[in-house]
Amino acid sequence: MTKYIFVAGGVMSGIGKGIASSSIARILKSKNYKVTALKIDPYINIDAGTMNPTEHGEVFVLDDGYETDQDMGNYERFLDETLPSINYMTTGRVYQEVIRKERNLEYKGKNVQVVPDVPLEVIRRIKLATEKAKADVAVIEIGGTIGEYENILFLEAARMLKQQHPLDVAIVMLSYVPIPNTIGEMKTKPTQHASRELNSVGLQADIILARATVPIDQKRKEKIATFCNVLPERVISAPDVESIYDVPGNFEKDGLGDILCDVLGLQKRPTDLSEWQAFVAKAKNGVNKKLQIAVVGKYFMSGEYVLSDVYISVIEALKHASAHLGTVVKLSYLDSEEYEKDPKKLEELQKYDGIVVPGGFGSRGVEGIVKAIEFARINKIPYFGLCYGMQWMVVEFARHVAGFADANTGEVAPDAKHKVIGIMPEQKEKMVRGDYGGTMRLGGYPCKLHEETIAREAYGEDEVRERHRHRYEVSPDYIQKLSDAGLVFSGTSPDERLMEIAELPVAVHPFMVGTQFHPEFLSRPLSPHPLFLAFINAAIKKHT
Ligand code: GLN
């Protein structure tokens, strides 16, 4: 019998519903249940791909090419599993399917209604994802906050599923319990209100995760229990933690796994988090060897706040590799536009053990990126370029080593004489048609590795599969010319037409590697990515 756990957020957004859902999934997996995780996002967009990073943070790409919310990345990292696109849905995606079915006469002449037909489609997708994963338990995170208009149909889907399977659905509410400075006391009233909002849509929380800066005391647990209609032991402490990877262990301190088993009528198997906790310990033990890594990119402001969420998978991948190599990384987010304004500022890069240029789009800050890459090349600082970071590494090499002074990418300078990075022909047709949504080269593709290269050595394999999200590529016209000048294309598509990895020989530079794909999407705490390991290894060598 399949079990379903809905995770909904009360009081406010941004308190870690994604990490809470991922941690629940990990705990149940550690109890030897087969678990899958789904995210439902309230927006109308069909996928996350067309949204600006300031709106949405990172766009995570699944193996099958669907562009999703970053929480899908958290699920994959915590579960150490690859998830398919059926595990992600938006309002737009759900409506698109309902309307398609209606046009196709699949409702057989019926009056198609927002309720129940939209929630029924949500339920159909949840069940399909669960079947596909052969899961015992599905964890379903409902985006947005309880009490909003936008996610009401998803809460209705949870209610209807519970009505169909009363013993197989658990409702978990993640709530925020503030401690206002002026009062100095934990206040439960916002949680009580959120609980009533949930009741008003016909749902009752079985478990409340009480997010706060500190662990919640017994008195507040009892207060929440009394006013929110749950057992006191089912109010779980969820204090701020040093690392997101601490959360599963923390929940287990309050026995969350067994409580979930009780609610769902599952057998209480022992929780084996040993492998997970070993990683958490390793991530903390490396503090004596602190590497300084610069992430040079364009930064996104939301009012006065910098959004580093945009590069979340990159940041996590760096942490995974460092933990496994017994170090920790101190990341500095450096704005490439600063190097355009004042090239003398580049000198600050000298103190870093490694430089990363992550993916990106458009022309803002790109000349500053080229300067940073040139600095890394000349000063032999380990460099790792991801997608856009690889394309600009190729441009920098073309300009300053291969002698194409005006080299550029077609994305930024369509009229440049030497477009060493050009649009892929099939992408060009799509652009002409204005067909933008979900049409990049997306998802997993094979990459052949060439002998005696850093990449081949790092992977220890002849062919790998990596995830993509791009419209531009190294122009076929320049592959030979750049190779003749000393750039090594160590990874290519199996037919050798698309350049997937570029690097400089170790005799020239200790680690100068760029990938057309996004290796960060495949890095997981328990299985760090080979290229991130190789990069951090090079940074350790530079550090010592
Ligand atoms: N803008 C580049 C392209 O479309 C790189 C994309 C990326 O970094 N994800 O090819």
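Numbering of ligands and ligand atoms starts at 1, following listing order. Predicted, not measured: the structure shown is a model, and the values here were computed from it.
- R524 forms no cation-pi arrangement with F78, by the criterion of a distance under 6.0 Å to the ring centre and an angle within 45° of the ring axis.
- Looking only at side-chain heavy atoms (C-beta outward), Y66 and N87 stay at 4.5 Å or farther from each other.
- Among protein heavy atoms, atom 2 (C) of ligand 1 sits closest to E411 OE1, 3.2 Å.
- Considering backbone and side-chain atoms alike, R471 places an N or O below 3.5 Å from some N or O of ligand 1.
- The protein heavy-atom contact nearest to atom 7 (C) of ligand 1 is C387 SG, 3.0 Å.
- Under the 4.0 Å criterion applied to side-chain N and carboxylate O atoms, E396 and R399 are not assigned as salt-bridge partners.
- The closest approach between a heavy atom of M440 and any atom of ligand 1 is not below 4.0 Å.
- Exactly one residue among K290, K330, H543 makes a side chain to side chain donor-acceptor pair (under 3.5 Å) with D353. That residue is H543.
- At least one N or O atom of G360 sits closer than 3.5 Å to an N or O atom of ligand 1.
- Interface of Y472 with ligand 1, defined as ligand atoms under 4.0 Å from a residue heavy atom, comprises 3 (C), 4 (O), 10 (O).
- Contacts between H518 and ligand 1 below 4.0 angstrom, taking non-hydrogen atoms only, involve the side chain exclusively.
- The side chain to side chain donor-acceptor pair (under 3.5 Å) test with T492 singles out one residue from H450, E500, K448, and that residue is H450.
- Under the 6.0 Å cut-off for aromatic ring centres, F6 and F154 do not qualify, their centroids lying 6.0 Å or more apart.
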Would you please test D406 and K417 for salt bridge (Lys or Arg N to Asp or Glu O under 4.0 Å) and show each step?
CA-CA 7 Å; D406 88 323; K417 183 154 169 245; over 6 Å; no
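- Counting atoms of ligand 1 from 1 in the listed order, those under 4.0 Å from a heavy atom of G359 are 8 (O).
- In the vicinity of R469, heavy-atom distances shorter than 4.0 Å reach the ligand 1 atoms 6 (C), 7 (C), 9 (N).
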